[in-house]
Amino acid sequence: MNYKLIGNILGKVLLAEGGLLFLPLIAALCFGESALPFVVPMIFLFIIGAVLAKIKPDSDNLFAKEGFVCVGLSWILMSVFGAIPFVISKDIPSYLNALFETVSGFTTTGASILENPEILSRGCMFWRLFTHWIGGMGVLVFIAAILPVSGAHYIHIMRAEVPGPTVSKIMPRVRQTARILYLIYLVLTVVECIFLLFGGMSFYDAILHSFATAGTGGFSTLTTSIAGFNSVYIEMVISVFMFLFGCNFNLFYLIIMGQGLQALKSEEFRVYIGIVIGSVIVIAANIASSVGGFLSGLRYSFFQVTSIITTTGFSSCDFDRWPELSRWILVILMFIGGCAGSTAGGLKVSRIIILFKSYMAELKRMVLPSRIVTVRLEQKPVENEKIRGIHVFFTVYIAITAIGVLILSLNGTDMVTNITASVACISNVGPGLSGVGPAFSYFLFSPLSKISLIIEMLLGRLEIFPLLLLFTPSIWKKK
Amino acid sequence: MNIVIAGAGIMGKAIAGRLCRNGHDISIIEKDSGELNMALNAMDVTGICGNCVSPEILEDAGCAHAEVFIAATGSDETNLISCVLAKKTGAEHTIALLRDPDFRPGTNLWRDTLGISLVIQPDYVTAEEISRVLQFPAATRVEVFTEGEPELVTFRIPENSPICNIPLRDLRKNIRQDILICCIDRSGEYNIPDGNDIILPGDQVTVTGAPLTLRRFFISAGLYKKPVSNVILLGGSRISVYLQELLETTGTNVKIIERDSERAVYLSERLRKADIICADGANVSVLQENGLNNADAFVALTGSDENNIILGMYAQKSGVKKVITKVKNDRFAELLQDVFPDSSLSPLHLVTQRVEAYIQGLSYASDKSTIESMYYLGDGNTTATEYIAGTGSSILGKPLSELKFKEDVLLASVIRGGKSILPGGQTVLAPGDRAVVITRNAGIKDLDGLLEV
């Protein structure tokens with residue numbers, strides 16, 4: 001294990017976080033609030049970061065193992081420091097609650113312990129939604145984009161941080177790839193912000209909601225989330241952008257390169273859009289009678305389906321009051337999640353496609369055992385290794401969700417609450433059903449439950465293994 | 001530069017790694033997904049799994065925007081076809097590696113008929129290198145710049161050599177020859193020396209000079225050895241064929257030991273002057289029987305690195321003065337330096353060097369200078385590069401003593417009208433001069449890059 005290099009990279013991560021805290025600091029100063037909540041953690045981050053970044057690694061050898069450890073530790077450290085502003089400003093006095101809120105932000109979950117987010121100071125509110133934007137694309141990718149890093153091995157870090165079963169470099173170099181990704185991310189965020197300004201949002205609200213959409217986070221400045229703006233235009237703009245941020249970013253790159261048609265042919269994209277359209281229509285029909293017609297059913301279902309499948313978690317109405325069918329479609333969408341290479345959480349559409357196809361292949365083999373069946377994705381054969389990896393991932397994902405439910409049951413809350421809370425956290429959605437529905441918060445859970453949900457959120461965002469490996473003793477052994 | 005490389009075998013990977021470090025953007029095409037993944041994990045490159053003769057795969061790999069396409073798969077035909085297709089797809093320059101000796105080296109056929117910019121025959125390149133060393137056995141390596149002058153010779157300093165322990169500034173007075181010491185390798189530490197440095201026994205030293213002066217220098221330093229006259233080649237591989245054809249012209253007696261009888265018959269048909277022995281060279285008594293003790297040189301060229309190394313060691317122990325071993329894989333290069341202080345040769349090294357020289361030449365051509373050739377010294381981080389001065393360079397028209405050079409560069413030689421001049425403080429460069437520059441700095445693009453800004 002190359003400890004020195006890991007230390008060096010962690011130092012850079014902390015420095016980057018310190019730098020990013022400048023934005024909420026500016027926001028706080030603009031609104032005439034105290035600068036203290038941001039200056040204190042910044043001092044910590046800069047000092048510790050500078051010391052760690054000073055470490056000169058003996059070699060820049062970095063393998064899959066170091067990549068996982070680096071990513072896992074970075075996210076934990078970032079959350080630990082990121083929670084400080086909430087505590088100092090006394091907006092969220094309990095450190096555990098602040099940590100929950102921060103992890104929920106960085107992992108783009110959007111599960112909140114705040115019953116009335118309006119009580120937050122403006123600076124802290126800015127930080128709370130800005131964490132979505134940082135976490136969406138990932139801070140280590142950000143570092144690759146701005147700082148000189150040895151590219152040869154950084155791919156292991158990208159692989160551990162970027163969601164999806166495989167990372168395809170769109171450019172030959174890690175650095176260029178990271179830059180293109182962040183550029184697309186930034187441009188889409190700015191465009192959304194402009195659209196929202198046209199809808200009559202204040203600049204502050206528009207920029208914060210753009211952050212939350214871009215990272216597919218789901219925090220809002222209002223208790224009632226997007227419903228509070230009561231505007232069809234804003235709902236539509238946010239829906240469309242949530243949908244876009246749930247797409248694989250490589251598709252945007254293809255479109256920039258003038259290969260838009262090829263982007264539309266992507267199998268994952270087609271399945272993704274198919275799931276969205278299908279769910280929107282079924283839910284719209286299902287809720288039509290209770291919301292006054294199919295058209296307004298479409299309005300609510302389009303917003304909610306895009307919000308849930310991209311694991312954002314905004315709400316434009318209390319979907320917990322919808323009929324059972326619609327509610328459970330939403331729960332299934334939570335599991336599915338967005339496309340690989342997007343900012344969304346969940347299992348990812350491409351994994352679902354491969355799982356489904358490998359089941360079909362298994363059935364064919366049962367009928368005729370000597371038959372060779374090749375599973376394909378995007379017309380290309382998928383290696384057995386990869387299929388096995390995805391099966392393992394799926395199994396572990398379900399197992400962790402189940403363990404989460406078990407721990408939550410200690411609270412005495414009902415089963416729907418426990419199951420959906422666990423799913424909503426590991427899939428980085430945010431709101432669930434019943435006791436954690438859009439009208440409620442995670443405030444009442446016991447400290448143990450909160451810790452287990454924090455772990456679930458991190459596991460979900462980092463796709464389990466980077467974090468899980470940190471707790472595997474053999475990885476720390478010198479061999 | 002955007003470069004597409006077909007094939008992630010030993011060659012493909014080495015070329016990709018080298019070019020990637022030089023700052024080029026590489027994408028690799030490889031059929032075998034395991035090999036490809038290994039390459040992708042070790043280097044900052046992109047990869048596509050597929051057959052490089054498929055136009056779609058070439059398109060996906062970005063051939064349309066590539067400046068250079070390099071075909072380095074194990075099959076000659078695949079390399080040729082993929083180069084032609086890559087050119088059609090839009091790659092500006094194509095480089096093909098070819099192995100079959102029936103594809104004659106040194107013709108323009110490939111460029112004229114198929115539009116392939118550069119054909120490299122790894123085995124031929126290796127044979128050339130070996131034959132140069134056999135002509136100059138005191139050296140471990142001999143490189144020739146474009147017009148045959150000057151040569152770049154690397155050799156090992158023996159114990160009690162008269163040139164040891166003298167500051168280099170005094171050395172030239174002692175030996176009175178116009179040679180320049182460019183690089184000293186002291187057990188893996190490479191150093192471009194200045195006047196204060198001294199040479200120690202055991203150092204590998206690289207010198208430049210005109211061929212005649214160099215020979216006189218070697219004689220005066222007590223290092224000169226006559227060209228070899230009796231050579232044993234172990235293994236009738238393609239390199240042996242080329243090597244024999246090169247040695248034939250110098251009147252060297254060559255004995256080739258080949259195990260496979262069919263191959264031995266082919267060799268005797270193709271090579272009229274060499275003695276072909278059909279026997280297992282791994283058998284020590286076979287070597288004795290064929291006069292290992294009387295041979296001037298022993299060259300191990302079998303397909304197995306292990307055999308080459310072991311038998312090379314045996315020949316060394318038996319008292320053969322010049323032993324050259326070929327190793328496919330350069331993973332053990334450092335180790336071999338210790339075992340064979342004389343010469344171990346890796347075709348990999350030679351090919352990468354050719355490719356890099358060509359690509360440097362393409363990417364850094366300007367009105368200031370163009371790159372004509374380039375050689376690695378030792379570990380490959382130190383290079384000797386031959387520039388042709390253009391008209392726009394600010395290095396021209398001033399005596400060298402008035403220019404401020406960067407620390408890790410050495411202007412080793414100037415070639416004007418085919419004659420090499422040892423540069424001194426009064427030397428003034430003119431357009432069209434060829435300058436040989438030794439440097440450890442990979443970022444130097446042209447002659448102006450030698451100067452402090």
Side-chain angles (χ1 to χ4, degrees), chain A residues 59-68 141 144-145 148-160 165-181 250 253-254 256-259 261-263 265-266 374-387 389, chain B residues 1-6 8 12-51 54 56-57 59-70 89-91 331 359 363 442-443:
Chain A
S59 72
D60 55 1
N61 277 345
L62 191 131
F63 300 101
K65 183 170 75 167
E66 279 98 343
F68 284 137
V141 178
V149 288
S150 113
H153 301 289
Y154 209 82
I155 187 70
H156 291 294
I157 292 182
M158 287 269 278
R159 217 173 269 161
T166 49
V167 173
S168 48
K169 277 205 250 173
I170 39 186
M171 304 284 278
R173 283 178 184 272
V174 162
R175 191 180 183 137
Q176 298 160 340
T177 308
R179 284 192 172 166
I180 289 274
L181 288 178
N250 292 2
Y253 179 70
L254 281 178
I256 297 171
M257 297 308 287
Q259 291 169 298
L261 264 178
Q262 208 185 326
K265 277 186 195 153
S266 152
T374 307
V375 174
R376 284 168 200 276
L377 181 68
E378 317 279 359
Q379 278 104 49
K380 287 190 190 110
V382 184
E383 300 138 54
N384 277 332
E385 284 287 277
K386 202 177 278 172
I387 297 176
Chain B
M1 235 192 243
N2 291 316
I3 298 173
V4 178
I5 298 176
K13 252 186 283 195
I15 296 173
R18 185 76 198 185
L19 296 177
C20 185
R21 255 191 296 160
N22 284 355
H24 299 291
D25 294 337
I26 315 283
S27 77
I28 296 181
I29 305 173
E30 165 64 47
K31 241 193 267 183
D32 181 315
S33 66
E35 287 282 341
L36 183 65
N37 277 330
M38 252 160 54
L40 294 186
N41 282 338
M43 296 178 273
D44 196 3
V45 298
T46 44
I48 294 225
C49 191
N51 191 337
S54 139
E56 291 85 43
I57 295 281
E59 183 79 49
D60 282 354
C63 271
H65 314 287
E67 275 92 357
V68 184
F69 175 85
I70 303 169
T89 319
R331 276 177 300 188
I359 286 174
S363 41

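As a basis for the values below, the full set of heavy atoms in this structure was taken, side chains included, without hydrogen atoms, waters or symmetry mates. Labels below follow one simple rule: chain letters A, B, ... track the order of the sequence lines, proteins then strands, and each chain is numbered from 1.
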A.B. asks: What is the minimum heavy-atom distance between B:Thr46 and A:Met171, and which atoms define it?
C.D. replies: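 The answer is CG2-O, 3.2 Å.
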A.B. asks: Is the backbone N or O of B:His24 less than 3.5 Å from a side-chain atom of A:Arg173, with the two atoms forming a donor-acceptor pair by type?
C.D. replies: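 Checked: pair present.
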A.B. asks: By a 4.5 Å heavy-atom criterion (distance strictly below it), what part of B:Cys49 contacts chain A: side chain, backbone, both, or neither?
C.D. replies: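 No part of B:Cys49 comes within 4.5 Å of chain A.
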A.B. asks: Examine whether an atom of A:Glu385 lies under 4.5 Å from a heavy atom of chain B, and if so say whether it belongs to the side chain, the backbone or both; otherwise answer neither.
C.D. replies: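 Contact with chain B: none, neither part.
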A.B. asks: Going by side chain to side chain contact (heavy atoms under 4.5 Å, CB included), A:Pro172 matches just one of B:Val4, B:Asp25, B:Val45, B:Ile26. Which one?
C.D. replies: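 So, applying the side chain to side chain contact (heavy atoms under 4.5 Å, CB included) to A:Pro172 and each of B:Val4, B:Asp25, B:Val45, B:Ile26, only B:Asp25 qualifies.
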A.B. asks: Highest number of heavy-atom pairs under 4.5 Å with chain A: which of B:Gly23, B:Gly17, B:Ser27?
C.D. replies: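 Heavy-atom pair counts peak at B:Gly23.
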A.B. asks: To the nearest 0.5 Å, how far apart are CE in A:Met257 and NE2 in B:His65?
C.D. replies: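 So the gap between those two atoms works out to 5.5 Å.
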A.B. asks: Backbone N or O of A:Val174 within a donor-acceptor pair of the B:Asp44 side chain at under 3.5 Å?
C.D. replies: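 Confirmed, B:Asp44 side chain pairs with A:Val174 backbone.
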A.B. asks: Heavy-atom pairs under 4.5 Å with chain A: which of B:Gly50, B:Gly47, B:Cys20, B:Gly62 has the most?
C.D. replies: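 Most heavy-atom pairs under 4.5 Å with chain A: B:Cys20.
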